[in-house]
Amino acid sequence: MRIYNTLSGKKEEFVPLESGKVGMYACGVTVYDYCHIGHARSAIVFDVISRYLRYRGFDVKFVRNFTDIDDKIIRRAEEEGIAWDEVARKYTEEYYRDMDALGVARADVEPKATEHIPEIIAMVKTLLAKGYAYQVDGDVYFEVRRFPGYGKLSKRSMDEMMAGARVEVDERKRDPLDFALWKSSREGEPAWDSPWGPGRPGWHIECSAMSIKHLGETFDIHGGGADLIFPHHENEIAQSEASTGKPFVRYWIHNGFITVSREKMSKSLGNIFTIREILERFDPEVVRVFLLSTHYRSPVEYSEEQLLEAEVSVNRFYSTVMRIDGYLARMPDRERVTPEEAVLRELLGGFRTGFEEAMNDDFNTALALGQMFELLRELNRYLDSRPSGQGARGLVKEGVERLREAGRVLNIFQRSPRQWHLSLLKTKGIPLTEEEIERRIAERQEARKARDWQKADSIRDELLKRGIVLEDTREGTLWRVRVGTEA
RNA sequence: GGCGGCGUACCCAAGUGGUUAAGGGAGAGGUCUGCAAAACCUUUAUGCGCCGGUUCGAAUCCGGCCGCCGCCUCCA
């Protein structure tokens with residue numbers, strides 16, 4: 001398995017610290033607002049990585065934190081007129097609502113900064129004792145120049161950073177790039193007792209303290225959005241390695257951004273799409289497929305058109321499963337072998353390997369999805385050739401099972417066609433129940449029996465107008481929700 | 001200004017030295033169908049931003065140019 005390591009700037013063979021085990025840490029969110037699609041991407045990327053590592057048999061310990069104390073939270077609390085910890089509690093809940101909907105699994109450990117104050121204080125003490133930090137009034141700063149490797153992740157020298165930086169001059173800092181390990185709190189702000197007076201942790205220190213506590217001083221994978229490379233992860237490396245004297249992380253993984261009109265989606269540009277508003281119009285599985293259709297390190301342009309295309313893709317899977325279910329239910333037992341069988345067998349034989357090769361190559365989900373659609377097409381081709389018997393049944397079932405197995409890693413394709421369509425009815429706000437649709441289909445069947453094509457077609461048109469597409473098959477009339485841009 | 005990345009068909013997108021450049025969407029034609037829909041088939045890049053170079057051979061490596069983006073400031 002090869003992973004692109006931001007630290008080395010290339011793909012490297014993945015060798016965990018301890019054979020068969022993987023410790024991984026992903027930077028979570030600061031809980032002060034609703035999550036947007038960019039947070040969703042990061043969460044889904046590391047969700048899939050952890051799922052794939054487990055699929056490959058690794059014993060994975062996955063840690064993803066919540067930053068629940070921070071200046072932004074304090075500011076938000078003032079705006080909303082509620083306590084800071086209430087803000088954190090509220091947006092943690094909202095985070096779970098969005099991420100659960102998107103099928104992002106809980107991490108094994110989900111530590112919060114406020115629950116690790118002793119560990120943070122201990123680390124700051126160590127850094128002071130080792131001479132990597134200094135105290136000014138009630139603040140403690142990390143002295144960047146004391147750490148020789150500073151800049152190795154973001155690949156910049158300190159002089160380069162100084163040249164272009166518009167760093168606010170804080171007279172109390174020995175160097176403008178020094179960053180806060182501990183910040184003194186003003187009257188009324190949340191504060192914890194410390195050897196330096198009442199205060200709160202700086203942003204970067206929590207991730208160092210929590211990852212080391214839960215994964216050890218050196219661990220395998222650390223990740224997050226590409227915008228965390230500098231300064232967040234650079235600072236984490238400095239603090240951690242200065243404090244422990246050991247290498248901090250073996251593989252740094254960073255996901256690319258979501259863009260809108262080719263620009264990075266960000267609060268300051270005001271071009272944010274929240275997960276919530278997207279899920280009002282698209283099924284979560286559609287969002288996952290949309291995001292996983294592009295390699296995790298590449299930028300993804302947010303586009304409703306592309307989401308609609310992803311919707312068509314997902315529908316293609318469920319339509320095929322629906323077709324297979326109907327086909328198998330009425331398939332004769334008489335063995336009928338067709339020439340297409342050989343092609344399907346060959347594709348099926350190499351599918352798992354192909355999927356793993358794609359995922360082994362720096363988690364190439366886009367390629368993996370391509371292979372899944374290739375198999376899907378071959379399954380349809382096979383059915384078109386109208387095979388029958390136990391052999392055919394086994395082959396078709398194996399095909400679906402392979403797709404579902406690969407789908408489990410990406411956490412897509414796990415529902416029944418019925419669940420998919422019922423969910424679409426809800427998402428698209430179609431005020432029809434399954435029973436009502438079935439009743440109309442039965443009425444239409446009567447008309448069709450009587451060869452009253454006009455009436456049959458009018459029922460079909462009426463349903464179509466309401467977003468329901470009917471498909472007459474040998475196995476009866478099936479319904480599905482209209483997807484994509486079809487109108 | 002410094003550093004990093006990207007540019008593959010109408011759209012999205014995989015591919016980083018060697019069989020016919022994956023896959024999805026859209027369009028066109030066809031098979032099937034009462035008609036549709038779905039599915040399948042054919043079709044849409046002798047070419048991968050442009051110009052050179054290395055090589056028996058390059059989308060893939062090297063150099064230059066053009067265009068776009070990100071980081072250097074909170075940010076997934």
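Below, read A as the first sequence line, B as the second, and so on, with proteins coming before strands; counting in each chain starts at 1. Excluded from the calculations below are hydrogen atoms, water molecules and symmetry mates; all remaining heavy atoms, backbone and side chain alike, are included.
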Determine: side-chain N/O of [X] to OP1/OP2 of [N], distance under 4.0 Å, yes or no.
| X | N | result |
| --- | --- | --- |
| W479(A) | A37(B) | no |
| R316(A) | C40(B) | yes |
| R474(A) | C32(B) | no |
| N380(A) | C40(B) | yes |

Without decimals, in angstroms, what is the distance between [X] [atom1] and [N] [atom2]?
| X | N | atom1 | atom2 | answer |
| --- | --- | --- | --- | --- |
| L153(A) | C3(B) | CG | P | 17 Å |
| H232(A) | C72(B) | NE2 | P | 14 Å |
| E378(A) | A22(B) | CD | P | 16 Å |
| H254(A) | G70(B) | NE2 | P | 18 Å |
| N65(A) | C75(B) | CG | P | 12 Å |
| L470(A) | G34(B) | CG | C1' | 15 Å |
| R156(A) | G5(B) | CZ | C1' | 13 Å |
| R297(A) | G70(B) | CZ | P | 19 Å |

Is there a residue in residues 349-373 of chain A whose heavy atoms reach under 4.0 Å of RNA chain B, and which residues are they?
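Close to the strand are N364(A), A366(A), L367(A), G370(A), F373(A).
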On RNA chain B, compare the nucleotides closest to S266(A) and S261(A); which residue's is nearer the 5' end?
S261(A)
When E305(A) and R451(A) are each assigned the nearest nucleotide of RNA chain B, the 5'-most assignment goes to E305(A)
Scan [X] against the nucleic acid and name what it touches under 4.0 Å (heavy atoms): base, sugar-phosphate only, or nothing.
| X | result |
| --- | --- |
| S319(A) | nothing |
| I37(A) | nothing |
| L228(A) | sugar-phosphate |
| R41(A) | nothing |
| K155(A) | sugar-phosphate |
| G38(A) | base |
| R323(A) | sugar-phosphate |
| R2(A) | nothing |
| G28(A) | sugar-phosphate |

Donor-acceptor pair, distance only, cut-off 3.5 Å: does the side chain of E311(A) make one with the backbone of G484(A)?
yes
Side chain N65(A), main chain G28(A), donor-acceptor under 3.5 Å
yes
Hey, does the side-chain of [X] have a donor or acceptor N/O within less than 3.5 Å of a partner on the base of [N]?
| X | N | result |
| --- | --- | --- |
| D472(A) | C35(B) | yes |
| R381(A) | C41(B) | no |
| R377(A) | C40(B) | no |
| K264(A) | C75(B) | yes |
| R448(A) | G34(B) | yes |
| E309(A) | G24(B) | yes |

Pair R297(A), N255(A): side-chain N/O donor-acceptor within cut-off below 3.5 Å
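No pair is found: no donor N or O on one side chain lies under 3.5 Å from an acceptor on the other.
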Measuring from the side chain of [X] (C-beta onward, heavy atoms only), which nucleotide among [options] has the closest atom?
| X | options | result |
| --- | --- | --- |
| V469(A) | C71(B), C74(B), A37(B) | A37(B) |
| D227(A) | A76(B), A38(B), C35(B) | A76(B) |
| E263(A) | G70(B), A38(B), C75(B) | G70(B) |
| S313(A) | G24(B), A37(B), C74(B) | G24(B) |

A side-chain contact here means heavy atoms from C-beta on lying under 4.5 Å apart; do Y296(A) and I253(A) qualify?
yes
Do R106(A) and Y96(A) meet the cation-pi criteria used here (NZ or CZ under 6.0 Å from the six-membered ring centre, within 45° of the axis)?
yes
Do the numbers put R156(A) on top of the ring of F230(A), so that NZ or CZ is under 6.0 Å from the six-membered ring centre and no more than 45° off the axis?
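Cation-pi check for R156(A) and F230(A): passes.
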Could you tell me whether [X] and [Y] have a side-chain N and a carboxylate O separated by less than 4.0 Å?
| X | Y | answer |
| --- | --- | --- |
| R281(A) | E304(A) | yes |
| K112(A) | E206(A) | no |
| E475(A) | R323(A) | no |
| E341(A) | R345(A) | yes |
| R75(A) | E78(A) | no |
| D227(A) | K264(A) | yes |

Should F257(A) be counted as stacked on A76(B), where stacking needs a ring-centre gap under 5.5 Å and an angle between planes under 30 degrees?
no
Result of checking V260(A), T259(A), V300(A) against M265(A) for side chain to side chain contact (heavy atoms under 4.5 Å, CB included):
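Going through V260(A), T259(A), V300(A) one by one, the side chain to side chain contact (heavy atoms under 4.5 Å, CB included) with M265(A) is satisfied by V260(A) alone.
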Canonical and wobble pairing (Watson-Crick, G-U, under 3.5 Å) of RNA chain B, dot-bracket with |
((((((((.[[[..)..(....]]]((((((.......))))))....[[[[[..)....]]]]])))))))....
Gap in Å between the two C1' atoms, one belonging to U19(B) and one to G30(B), rounded:
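Going atom to atom, C1' in each nucleotide, I get 30 Å.
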